[in-house]
Amino acid sequence: MSAETTELESLANQEYKYGWTTDIEQDSAPPGLDEGTVRFISAKKEEPEWLLEWRLHAYRNWLKMTDPTQVPGSEQWVMAEYPEIDYQDIIYYSAPKKKKAPKSLDEVDPELLRTYEKLGIPLEEQKMLAGVAVDAVFDSVSVATTFKEKLSEMGVIFCSFSEAVKDHPDLVKHYLGSVVPHNDNYFAALNSAVFSDGSFVYIPKGVRCPMELSTYFRINAANTGQFERTLIVADEDSYVSYLEGCTAPMRDENQLHAAVVELVTLDNAQIKYSTVQNWYPGDKDGKGGIYNFVTKRGACRGANSKISWTQVETGSAITWKYPSCILQGDHSVGEFYSVAVTNNRQQADTGTKMIHLGKNTRSVIISKGISAGRGQNTYRGGVQVLKGARNARNFTQCDSMLIGDQCGAHTFPYIDIRNTTSQVEHEATTSKIGEDQIFYCNQRGIDTEEAVSLIVNGFCKEVLSELPMEFAVEAQKLLGISLEGSVG
Amino acid sequence: MALLEIKNLHASVEGTEILKGVDLSVNVGEIHAIMGPNGSGKSTLAQVLSGNEAYEVTDGSVTFDGKDLLDLEADERAKAGLFMAFQYPVEIPGVNSAYFMRTALNEVRKHRGEEELDAVGFLSLARERMALVEMPEDFLKRQVNEAFSGGEKKRHEIFQMAMLEPRLAILDETDSGLDIDALRIVSEGVNQLHSPDKAVIVVTHYQRLLEYIVPDFVHVILNGRIVTSGDKHLALRLEEEGYDKIRAEHEEQAISA
C-alpha cells in the first residue's frame, strides 16, 4: 500500500496553468488599512458622500469585530488552519495605470487584453460571439464590459460596480447591503469598507436576459487583496444566468480574496449564478495560494422567485463560503449545487444556508466533496425553517469522495425546524475512489488519470449538469487537472 | 510464435503465494479453457495477466505478441489487445455507458493508429455489436453497470469485447450467475467474434459453458499450477469425476517425485 500512497502523492503534483503575471504599471495604495485608506479608495473612485459614509461605517464595525481565527468557534471555522493574517500588510487598492477610463476595447491596454486571451477569454472575439457578455475584473478595477450596448437596448444593466454607482446610484443605494449587511461578518465588513470594484446587474421587469452574463476575476499584483462586490437584481418576471470565473498568478505569499455577492429576486424572477473558482491553490507543500473568504447570499424577496447557486471550487489554499438563500417570498425556491475539490494541502469549508420564511418554500442542496492528497474538505450546511414557513421542504444530499488515505472529509448539517408542516430530508455518503473502478477502466484501455477524471465527473454529474454548457466543459477539464496525479 | 507465452509464473496477493509456477502457451486461432476448483488460482491468473496491481508477480515471464507483458501497465495491455471479461464487473455511478465505451474504444483506436470515432460513427458500430449479445439500445443510456442484473453485466462485458476487438480475450467465470438463455447468448457472441487471428481463454469452474464455447485445449489448475492438459474430453471427465480424482493423482505424483 505504501508504494500506492507515494504514487498517489506524486500524482497530486499538478501544475497550475494560470500562474503567470502580467507586466503592467500598477496604480496602488500603500499597504495598510486605516480610515485614510477607505477615504483614498472612495476618492479614487469619485464616489458620492453616502457611499463613503457607508464604507466608513463598515470599517468602524470591522474594527470592533474579531478575526474568526482568533476566537475559535465564534464564527465556525473549525476545519481550517492558517497563520494569522496581517491586515496592515495588504494592498487594498491596485489598478492598472491608464490615462482615462476606456470607452471601448480599443482603448484597453493591449497587455491586459493579452492576459485575458491567456485565460481563454479573448474579449476581442467575445465581441463577435453571441452568447456571453463578459465583465473582466483585474485586481481592483473592471477593465471592459462587452456587449453592453446590445444589453442596454433591452434595458439590462450590466456594468462595473463603479459605473453603477455613477450611473445608477438609486438602484445601488437601494439594494447595496440589503442582503449582506455591512456588519454581517468579519470579512463582509472588511469588504464593505474597502471593496474596489465588481459587477452590477439589473434585469428589468419581464425581461429574460438573452445571453449568459459573465465576470472574470484575476488577481495580478503582488500582496494585493481582492475585494470585489457583485450585486444582481432581477425585477419581477425576469431571468438571468450569471457566470463567474477566477484565476491568480502563483506567488509564495498568501493572497486574500474577500468578496461579497448579493442577489435579489422579486416576484417570479429567477437568478442562476454559476461559479468556477480556480484561484491559485498554493504548491504541494501548502506554500502560497489564495485565501478565498467570500460571503454570497441571495434573497428571494418575491413570490415564486428562484435563486440557484452552482459552484465548482477547485482552487484556493483555503475556501470559506456558503452561498445561501433567504426564501422570503411564498413558493420561492432556493438551490445549491456544489463540487469542491481539495488536493495537496488545500482546505475547503463550504456549503450553504437555506432560510425558509415564506409558505411552501422549497430548497435543494446537492454537495459533492472530493478530497485528495492531504486536502481537507468540509461541508457545512444550515437548513432553517421558521414558524411561518408552512409546508416548507428541503432535500439535502451530501456526498464525499476520498482519494488516498491522507485526506479528510467532514460533514456538519445544522437543521432547525420551527413548525410541524415542513419536511426536511438529509442524505449523506462517504466513499473511497475504488481501486477496482480504476482497474476496470484501465482494463478497457483508459489510463489512470483519465479514469480518475471519468469517475470523479460521474460522481459530480448532478452538479455539473446544472452548469451552462460551455462552463460545464471547462469544469470537467478542471476537475481532471486538479486531481492529476492523485492516484497511482 | 505463440500469441501468449507464460513461463513459470509465480504471483502472490498480500504476501500469500497463489500462482506457483504456471506454464501456458496460447496460439492465435485457439480457444483454451482453464478449469479448477475454487481457490486453485484460475481467477488470479486472469487478474495477473490483465495487470491488476493488487497481485504481485514474484517470478516467471509472460510475453504477449512478442512483448514483455509484465512490463506494461494495465491500460497498455488493453491497448495492445488483451481483454478480460470481469467475473464481477464494477459499477461506475454517474458515468454514461456510451461515453465510457467510446472513451475506451477511442483510446484503443488511437493506439492502433486508427481514426477516433465521432458520436455518429460510434453509435452505428455500437448498434451492430449490441445485436450480437441481444442487448437493447437503452443500455447505452444507462450508467456503467449500475442497476444491471447479473446477466446484463455479463452481456455488457461481451459487448465491450465486441467493440474493442481484442487479440486475446480472457473470460473470467463469465458463466457464473447466468441462466441458460443468457449463457447461450453470451456464448454465441463469443463464438461469432472468434477468428483465426484471435485467441480466447475461458476460465471456468463448470463444464457447462464449454458445451457452447468448445475449447481446443483444456487445462486443469490445482494449487497454483497447471497439473494436466488435454482436449475437450478432459472437461467432460472432470464433470463426471469431479476435481478430487485429479487432485489425488496429482498429490501422488507430487509425493513420488
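Only a predicted model underlies this, so the values are computations on that prediction, with no experimental measurement involved.
- The minimum heavy-atom distance linking Gly445(A) with Ala78(B) is given by the pair N-CB, 3.3 Å.
- In this structure, the separation between CG on Asn96(B) and CG on Leu454(A) is 10.0 Å, given to the nearest 0.5 Å.
- Atom CG of Asn442(A) is separated from atom NZ of Lys79(B) by 9.0 Å, given to the nearest 0.5 angstrom.
- Here the side chain of Gln443(A) pairs a donor or acceptor atom with the backbone of Leu82(B) at under 3.5 angstrom.
- Within 6.0 Å of the NZ atom in Lys272(A), the count of heavy atoms belonging to other residues, nucleotides or ligands exceeds 12.
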- Show the numbers, then the answer: is there a side chain to side chain contact (heavy atoms under 4.5 Å, CB included) between Phe459(A) and Val95(B)? CA-CA 8 Å; Phe459(A) 176 71; Val95(B) 177; over 6 Å; no

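- Between the side chain of Gln437(A) and the backbone N or O of Val90(B), no donor-acceptor pair lies under 3.5 Å.
- Taking every heavy atom of both residues into account, Gly94(B) and Lys461(A) meet most closely at O-CD, 3.1 Å.
- Note that OG1 of Thr448(A) is 6.0 Å distant from CG of Asp75(B), once rounded to the nearest 0.5 Å.
- For Glu462(A), no part lies near chain B; criterion is any non-hydrogen pair under 4.5 Å.
- No part of Glu14(B) comes within reach of chain A, as not one of its non-hydrogen atoms sits under 4.5 angstrom from that chain.
- Residue Tyr88(B): no heavy atom, backbone or side chain, is found under 4.5 Å from chain A.
- Contacts of Cys460(A) with chain B are absent, with no heavy-atom separation under 4.5 Å from either backbone or side chain.
- Between chain B and the residues Asp447(A), Asp436(A), Ile455(A), Ile446(A), the most heavy-atom pairs under 4.5 angstrom are made by Ile446(A).
- Taking the six-membered ring for Trp and the full ring otherwise, Phe439(A) and Phe86(B) have centroids separated by under 6.0 Å.
- The closest side-chain heavy-atom distance from Ile92(B) to Cys441(A) is below 4.5 Å.
- If you check the side chains of Asn145(B) and Tyr440(A), you find a donor sitting under 3.5 Å from an acceptor.
- For chain A, no part of Glu73(B) is nearby; none of its heavy atoms comes within less than 4.5 Å.
- When heavy atoms are compared at a cutoff of 4.5 Å, Asn106(B) does not approach chain A at all.
- For chain A, no part of Pro166(B) is nearby; none of its heavy atoms comes within less than 4.5 Å.
- Residues Glu435(A) and Glu53(B) fail the side-chain proximity criterion, which asks for heavy atoms closer than 4.5 Å.
- Taking a 6.0 Å sphere around CZ of Phe139(B), one finds it holds more than 12 heavy atoms contributed by other residues, nucleotides or ligands.
- Counting heavy-atom neighbours within 6.0 Å of Arg129(B) CZ, excluding the residue itself, gives a total above 12.
- Note on Val108(B), Asn52(B), Leu164(B): by heavy-atom pairs under 4.5 Å with chain A, the leading option is Asn52(B).
- Around the CZ atom of Arg393(A), the shell of radius 6.0 Å holds no more than 12 heavy atoms that belong to other residues, nucleotides or ligands.
- In terms of heavy-atom pairs under 4.5 angstrom with chain A, the leader among Glu91(B), His111(B), Glu76(B), Gln160(B) is Gln160(B).
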